[in-house]
Amino acid sequence: MKLTEHLLEMRKRVIRIVVVLLVMLAAGLSLASSAISYLKNAPPANSLSWHALSPWDGIRVYMQFSLLFALVVTLPFSLYQLWQFAKPGLTETERRVTLKFIPLSAALMVAGTSFAYFVVFRMSLLFLRRLNSSMELEETYGIAQYFSFMFNIVIPCALMFELPIVIAFLTALRLLTPTLLRKWRRYGYMLLVVLSTLIAPPDLLSNLFILVPFLLLFEISILLSAAIHNRSSSRNTAWDADAAHSA
């Protein structure tokens, strides 16, 4: 396939991803009302009084829910489009193996979102409310500020849970190698420390509670990449040996 044909094929895949993203944003807007009602009536939000601090607060919250919904749906679809783009250069076995990663990415996105909301977000909010109470502060929550705080935690955590499957997928497509991941490990650790510090409450225990799963996900990603790379190399060596023997 010529370079021009590759670029045209890539353009077609990108357009499809953008179209699906826009459709899912619209679908998310239609589902946002039910999601907001559920979260407002579930702990810990059910004990709060809600306020709009600006005329834009309502639409801002709707857009945030729409964006999260669109990300959850569009990421697996984006991986599928990437798989379709790389498929002509893959063997039949590699096609089957990489295709299995796509539904796993959706499952990990749901798991990451659940962990972020039910564990990290609730723990962070509890810590901060206790701090406010110790300072004898009267809490007045704007709905946009509350949900922005929630999404600043949920979205990074959900995306981090995608890391192992995305790295394994890119390794299987020969776009990434474990050697490169090990080379950049120290920078990855530094980035994860900064990210966990930004989204966790400002105490050491909470930071470790967030950082340790992130580091484990990163190391699992490297192990998965190495296993897939080694298996692919062994298979290619075997094919080369068979070809030489046949010749």
Side-chain angles (χ1 to χ4, degrees), residues 1-29 66-113 155-185 187-188 191-192 195 214 217-240 242-243:
M1 186 180 289
K2 298 179 181 179
L3 177 60
T4 305
E5 294 174 331
H6 274 293
L7 293 175
L8 288 174
E9 179 68 15
M10 181 181 296
R11 176 175 173 271
K12 181 176 70 174
R13 302 295 172 188
V14 171
I15 290 174
R16 289 181 179 178
I17 292 171
V18 171
V19 169
V20 169
L21 178 63
L22 293 176
V23 171
M24 290 303 106
L25 282 170
L29 283 174
S66 177
L67 177 61
L68 180 60
F69 177 79
L71 286 175
V72 170
V73 177
T74 306
L75 182 60
F77 179 78
S78 300
L79 293 179
Y80 178 73
Q81 292 302 314
L82 180 60
W83 178 83
Q84 287 280 7
F85 178 74
K87 186 172 70 170
L90 302 176
T91 66
E92 186 62 33
T93 301
E94 288 171 336
R95 291 176 185 177
R96 290 198 305 269
V97 170
T98 51
L99 188 59
K100 294 177 181 178
F101 289 134
I102 297 173
L104 287 176
S105 71
L108 279 176
M109 178 66 84
V110 172
T113 303
I155 292 178
C157 286
L159 293 177
M160 277 303 303
F161 267 68
E162 290 290 296
L163 186 63
I165 204 70
V166 170
I167 286 181
F169 184 76
L170 294 177
T171 302
L173 294 180
R174 306 172 200 157
L175 300 175
L176 198 61
T177 65
T179 302
L180 185 62
L181 289 172
R182 294 189 185 102
K183 179 181 178 181
W184 290 91
R185 176 187 268 133
Y187 302 107
L191 179 63
L192 293 177
L195 182 61
F214 281 7
L217 286 168
F218 185 76
E219 290 300 323
I220 290 171
S221 301
I222 296 177
L223 292 176
L224 279 174
S225 179
I228 293 170
H229 182 75
N230 292 338
R231 186 170 61 181
S232 178
S233 299
S234 299
R235 186 165 52 243
N236 291 337
T237 302
W239 287 341
D240 292 342
D242 290 341

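Counting only residues at least two apart or in different chains, salt bridge (charged side-chain N to carboxylate O under 4.0 Å, His left out) contacts with residues 218-227 comprise Arg185-Glu219.
Distance CD/Gln81 to CE/Met10: 12.5 Å, rounded to 0.5 Å. The CG atom of Leu192 sits 9.0 Å away from atom CG of Leu217, with the distance rounded to the nearest 0.5 Å. Atom CZ of Phe69 and atom OG1 of Thr74 lie 8.5 Å apart (nearest 0.5 Å). For the atom pair CG of Leu223 and CD1 of Ile228, the computed distance is 11.0 Å after rounding to the nearest 0.5 Å. The OG1 atom of Thr177 sits 9.5 Å away from atom NZ of Lys183, with the distance rounded to the nearest 0.5 Å.
The ring-ring contact (aromatic ring centres under 6.0 Å, His included) test applied to Tyr80 returns Trp83, not counting sequence neighbours. Checked against salt bridge (Lys or Arg N to Asp or Glu O under 4.0 Å), Lys87 has no partners two or more places apart in sequence or in another chain.
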Show the atom names and distances, to 0.1 Å, of all donor-acceptor pairs under 3.5 Å that link a side chain in residues 156-163 to residues at least two apart or in another chain.
residue: Glu162; atom: OE2; partner: Met109; partner atom: N; Å: 2.8

Quick one: side chains of residues 165-173, donor-acceptor pairs under 3.5 Å with protein atoms, not counting sequence neighbours, listed by atom name and distance.
residue: Thr171; atom: OG1; partner: Ile167; partner atom: O; Å: 2.8
residue: Thr171; atom: OG1; partner: Ser225; partner atom: OG; Å: 2.8

For residues 16-24, run the donor-acceptor check on the side chains, cut-off 3.5 Å, and write out each pair with its distance to 0.1 Å, sequence neighbours left out.
none

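Counting only heavy atoms from C-beta outward, the side chains of Arg182 and Ile222 approach each other to under 4.5 Å.
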